[in-house]
Undergrad: 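One structure follows; several queries about it will come next.
Predicted, not measured: the structure shown is a model, and the values here were computed from it. In the text below, chain A, chain B and the rest are named by the order of the sequence lines, each starting its count at 1.
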Amino acid sequence: MGEFINIFIKSAFIENMVLAYFLGMCSYLAVSKSVNTAFGLGLAVIFVLGVTMPINWLINEYLLSETGLFGQDLTFLRFILFIAVIASMVQLVEMVVEKFSPALYSALGIFLPLITVNCAILGGSLFMVSREYNLSNSIAFGLGGGFGWFLAIIAIAAIREKIRYSDVPPALRGLGMAFILTGLMGIAFMSLMGIDPAVFAGPK
Amino acid sequence: MAEVKNVEEVKEPLFGKVEKKLMTDPLNDNNPITVQVLGICSALAVTSLVYPSVVMSIAVIFVCGFSSLFTSLLRNAIPKAVRMIVQLVIIATLVTLVEMALKYFNYPVYKQLSVYIGLIITNCIVMGRLEAFAMANKPWRSFVDGIGNGVGYGAILIAVGVVREIFGKGTLFAGSPIEMKLIGANAGKVEYMINTAAESGLGSWFGWYANNNLMVLPAAAMFIIGIMIWIQRSYNTKLVDVS
């Protein structure tokens, strides 16, 4: 349990997906114009990351690795299989959101299918493989990474809503300002590096 | 669209006006990063050094060009409902090829780029060009468009990489065969062109110089792109965001 919390904290705050690895920047910049839509997309990303990560872990472990079902090293199929899992999960989320919250569905519009090409999702799965996480670690990493992305997009959306009333040079308005703000937020998040995750892990 | 019809009548040159426009447009007026805001996702993290950014740019140019070509060849055979999946499979296959090639030819850079090579799959610029251009245009033109966008993307990556490496590390192309050490204090066998620890000569004028550690942080890439957008939009006022 300690390790679970440890990885969650680490992936949400210290190694934030957006601010430290630039993952999912496209939808992060495009959907952060209002807090409401940012909130919806953030939740969708948490869900998709939390679900796809363990599924991809199982695929990688039991289908693709040499000790898996086929007994052969099939890791060259990793990209294609991972992206297929992600695409189908996003399709599922889209159907669920359309059924239970039509308002959110119309607000998210095109960005819901675009979660498929949100780098944070595929990036999370690839990081999981390269860091050799086990199943519970990968669930923690998925939820934590999603939560970090959620926090970042809410924060930038709130700042952008306020900055509309400020006197920004015309050439810097919109996109340019969003980049500089993201950089500043990245520096702010770096102060969280002081958190010692070992405190949560407790004695072994 | 009308433009395309006209061109079909006359015998078109292999690299005519349309192709030239497709190739140069993404460099400034329609730059994938600073104007379309696509594809920032995966690749900025590799820009702390120039060499990996160059490798990454070449990979993106390759994937972008050839996925456009193949999608355009198949465009009449792909059913509308599953086009996303077909495109993703094309891109994923090409990226797998790039990954294998890089692993074989240049293992250190492959290690350095780690997951970011795989992330070209979800690089929105590739997918964006397929959706916006290759699904509706002829193969050769789509290929040129893909290459053009890849180059526009690579140009920004490398520009960011140059700024970050010179000011952050005082070197250029570190890790490659043409490594240059520009400025810094000589230590042991490491010699810089401008030796800030020197007693006399050019280097002694730069005794105050220290590398800017901010440039090594991911946040620096954000600032540099923000400033690039600022400069570009100051000259090119039609791009200014009115909202």
Undergrad: Between A/Leu29 and chain B, with a heavy-atom cut-off of 4.5 Å, which part of the residue counts as in contact: side chain, backbone, both or neither?
TA: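 Answer is side chain: those atoms of A/Leu29 sit under 4.5 Å from chain B.
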Undergrad: A/Met190 versus chain B, heavy atoms under 4.5 Å apart: side chain, backbone, both or neither?
TA: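 Interface part for A/Met190: side chain.
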Undergrad: In terms of heavy-atom proximity below 4.5 Å to chain B, should A/Ile121 be classed as side chain, backbone, both, or neither?
TA: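 Contact with chain B involves no heavy atom of A/Ile121 at all.
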Undergrad: Can you check whether A/Leu92 reaches A/Phe47 side chain to side chain, under 4.5 Å on heavy atoms?
TA: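 Sidechains of A/Phe47 and A/Leu92: no contact.
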Undergrad: Distance only, no hydrogens: is a donor on one side chain within 3.5 Å (strictly under) of an acceptor on the other, for B/Thr171 and B/Glu165?
TA: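 Side-chain D/A pair, B/Thr171 to B/Glu165: present.
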Undergrad: Give, as side chain, backbone, both or neither, the part of B/Leu214 having an atom under 4.5 angstrom from any heavy atom of chain A.
TA: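 Answer is side chain: those atoms of B/Leu214 sit under 4.5 Å from chain A.
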Undergrad: Do B/Leu130 and B/Ser67 have side chains that approach each other closer than 4.5 Å (heavy atoms only, starting at C-beta)?
TA: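 B/Leu130 reaches B/Ser67 side chain to side chain.
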Undergrad: Tell me, side chain or backbone of B/Gln232 under 4.5 Å from chain A's heavy atoms, or both, or neither?
TA: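 Interface part for B/Gln232: neither.
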Undergrad: Between A/Phe127 and A/Tyr21, is the ring centroid distance below 6.0 Å?
TA: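 Centroid separation for A/Phe127 and A/Tyr21: below 6.0 Å.
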Undergrad: Measure distances from B/Met100 to the heavy atoms of chain A and classify the residue's part below 4.5 Å as side chain, backbone, both or neither.
TA: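 Just the side chain, heavy atoms under 4.5 Å.
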Undergrad: Going by the ring-ring contact (aromatic ring centres under 6.0 Å, His included) test, name the single residue among A/Trp57, A/Tyr133, A/Phe4 that passes it with A/Phe141.
TA: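 Option passing the ring-ring contact (aromatic ring centres under 6.0 Å, His included) with A/Phe141: A/Tyr133.
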